Asker: 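Quick one: the structure is below, questions incoming.
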Amino acid sequence: MTQLRIAGLEKRFGEVAAVRGVDLEVAEGELVSLLGPSGCGKTTTLRCVAGFEQPSGGRIAFDGTDVVPLPPEKRDIGMVFQNYALFPHMTVRENLGFGPEMRGIGAAARAKKVADVLAMVQLVGYEERYPRQLSGGQQQRVALARALVIEPKLLLLDEPLANLDAKLRDEMRFFIRSLQRRVGITTLYVTHDQAEAMVMSDRIVVMFEGRIHQIGSAEDVYDRPATRAVSNFIGQSNLLDGRVAGGGNGRWRIDTAMGPVSCGSGFAPAVGDRASAMIRPEAIELHANKTDAGCFPGRIESRYFLGNLAEFRVRMSDGSLLIVQQPAHAAHAVGAEIGVRLPAERAWLVREDVA
Amino acid sequence: MSGIARAKWLLAAPVGAMVFGFFMVPYLNIVVMSLRQPSTTQAYGPGFTTDNFVKAATDPLYVVTLLDTLRLAAMITLITLALAYPVAFHLARTESRWRGVLYGLVLSPLLVGVVIRTFGWIILLANNGLINQAMRQLDLPRLQLMYNEFGVVLALVHIFLPFMVLPLMGAIQGIDPRLEEAARSLGADKRRVFLRVLLPLSMPGIQSGCILVFVLACGAYVTPLLLGAGRVHTTTTVVVHQLELFLWPFGAALALVLSLVGLMVVWLYARLSGRVLRGQS
């Protein structure tokens, strides 16, 4: 069981800074996702940990030992690639036996390990197949088995589910997660899919433009996003821009164009600062009577039926548009004048950028 | 026959006619010639005989020459492979903006005829060539750089390099760089990544490059003639010598024996390397 520590990691490719000061600790047996849009530096961070990229600055330590000077083959990592990178000229057995063989493990012990790991990924009977004779999902499980068979200190997964179709992807999320829990291996998981990150991770690291914007649980990043970018990237959000009017003890009042809005905050802003309150579409309440207490007047501009939900576009008095989600059969007609309530406990103050 | 099928035949017709008229017919003529008696007044005399083949396949002089030719061709093939692989690897993987230029440089020897390039090597390697002039200036002993196998091999390796680089490059470009990373992550150092992943996956390119260069080396004539200057005998130079002696039927038999033995070597090689290839395609 290994603890991973990344401190002040930087990576530049010529003029381009791909990673700009990443600090992260992953505890023993923890699964941490690096989540963000393409080009945010998540894959570069992973590749620095694997040893495929040499950092321009910072430290990477496994259990307190600096691994930056070590080549990938000395780091004792198991890696799963987006395209699986199975050796096409080797059978499943040979692919799985490669790692143990490189570690000088004898033929008998190797066969035992391969058999064990095949059972673990439920591929017994596929030993003599070549990768091209396997389906995408099976290739993915072989790739996972090949990374695990060497009992590495750290498991690194680079968008491992991106090439699978939607149904298989959902199954594999749970498969990988339960396998990771069973083996108890410290895991770093790169993805651009927020649902994947939320289902699988103990903690999510949200990255933009080479920097970490937030580290937290799925609830943290969804309900209490640290920055505007996080709230926009994860799920849908309504952002109400204004200035801080006052408050304290984690509850602040923002003067917005439509009126004063109360929200929670993880930091203490200065009164008069520009600020934005974020509220999720499903947190907003719609009242048939627009004069109900605490309501802003609005008018329903459109309504979409999403199966499990109904989504409304509501035009507010100041001209802004809010996205609101309600139970699927909520009976608000297009054109209706309604009251819109923004519950303070579901509204959250977000920063423009990382502190 | 449908219109498309007819069009296919029509499109293939010019090439078919070329191959038949300028390749099959002369080749058949050589086969016929090889079974004839020699003549000093025409290509061959009347009557049929197998003497030419018996002499070509049993006379130690010609057998040794044939074995020398195959040995030289094999040596040239191996040296070319060793030199071409790193070049092909770099060209296949480079992201340099000079990539096109590098590619052109590899192909550039093909722009100059083989005779010209052979003369170029003579200027460098001759007893009073550039290298030996420099040696004399430095009071160093003269080096025997041509009129021997060394010069022939050196020049032929240079001439055939592009024929090895191109197929190798094609094969290496088809190898996903992630495979190297996967092997590294599993504990393989660079040497073992090469031996266990890159080399086996390069085999299709190695196979075609080696066959190409081996066949070309077996058939090389101008370079062994000029750089060997009568001291390096290959079957091709001996064949042409027979023509000068008006022994055209025997020359034809020698040429056919070289072709047949060369083909057998290629076939054996393809079978052996095919075993390595299996399970990949």
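Keep in mind the model is a prediction, meaning the values are calculated, not measured. In what follows, chains are A, B, ... by sequence order, proteins preceding strands, each numbered from 1.
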Asker: Against chain B, label A/F87 side chain, backbone, both or neither, depending on which of its atoms sit under 4.5 Å from a heavy atom there.
Answerer: both
Asker: Please classify the contact of A/L156 with chain B as side chain, backbone, both or neither, using a heavy-atom distance under 4.5 Å.
Answerer: neither
Asker: Which residues from residues 175-198 of chain B are near chain A, with near meaning under 4.5 Å between non-hydrogen atoms?
Answerer: B/D176, B/R178, B/L179, B/E181, B/A182, B/A183, B/R184, B/S185, B/L186, B/G187, B/A188, B/D189, B/K190, B/R192, B/R196, B/V197
Asker: With a 4.5 angstrom heavy-atom cut-off, which part of A/N83 approaches chain B: side chain, backbone, both or neither?
Answerer: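 Only the side chain of A/N83 comes within 4.5 Å of chain B.
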Asker: Check this for me: B/I4, atom CD1, are more than 12 non-hydrogen atoms of other residues, nucleotides or ligands nearer than 6.0 Å?
Answerer: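 For B/I4, atom CD1 is not crowded (no more than 12 foreign heavy atoms under 6.0 Å).
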Asker: Tell me, side chain or backbone of A/I77 under 4.5 Å from chain B's heavy atoms, or both, or neither?
Answerer: both
Asker: Measure A/R75 against the heavy atoms of chain B and call it side chain, backbone, both or neither at under 4.5 Å.
Answerer: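 For A/R75, no heavy atom lies under 4.5 Å from chain B.
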Asker: Can you tell me if A/E209 has over 12 outside heavy atoms packed within less than 6.0 Å of its CD?
Answerer: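 Open.
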Asker: Just wondering, are more than 12 heavy atoms of other shown residues or ligands nearer than 6.0 Å to OH in B/Y103?
Answerer: no
Asker: Would the number of heavy atoms belonging to other residues, nucleotides or ligands and lying under 6.0 Å from CZ of A/R182 be above 12?
Answerer: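 Result for CZ/A/R182: enclosed.
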Asker: What are the residues of residues 11-19 of chain B, in order of number, with any heavy atom under 4.5 angstrom from a heavy atom of chain A?
Answerer: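 Against chain A, none of the residues of residues 11-19 of chain B fall inside the cut-off of heavy atoms under 4.5 Å.
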Asker: Answer with side chain, backbone, both or neither: which region of A/R146 has an atom nearer than 4.5 Å to a non-hydrogen atom of chain B?
Answerer: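 It is both, since atoms from each part get that close.
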Asker: Can you list everything that forms a side chain to side chain contact (heavy atoms under 4.5 Å, CB included) with A/A162? Sequence neighbours excluded, please.
Answerer: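 Once residues adjacent in sequence are excluded, the partners of A/A162 under the side chain to side chain contact (heavy atoms under 4.5 Å, CB included) criterion are A/Q82, A/E159.
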Asker: Mind jotting down which residue pairs meet the salt bridge (charged side-chain N to carboxylate O under 4.0 Å, His left out) criterion with at least one end in residues 120-130 of chain A? Sequence neighbours excluded, please.
Answerer: A/R93-A/E128
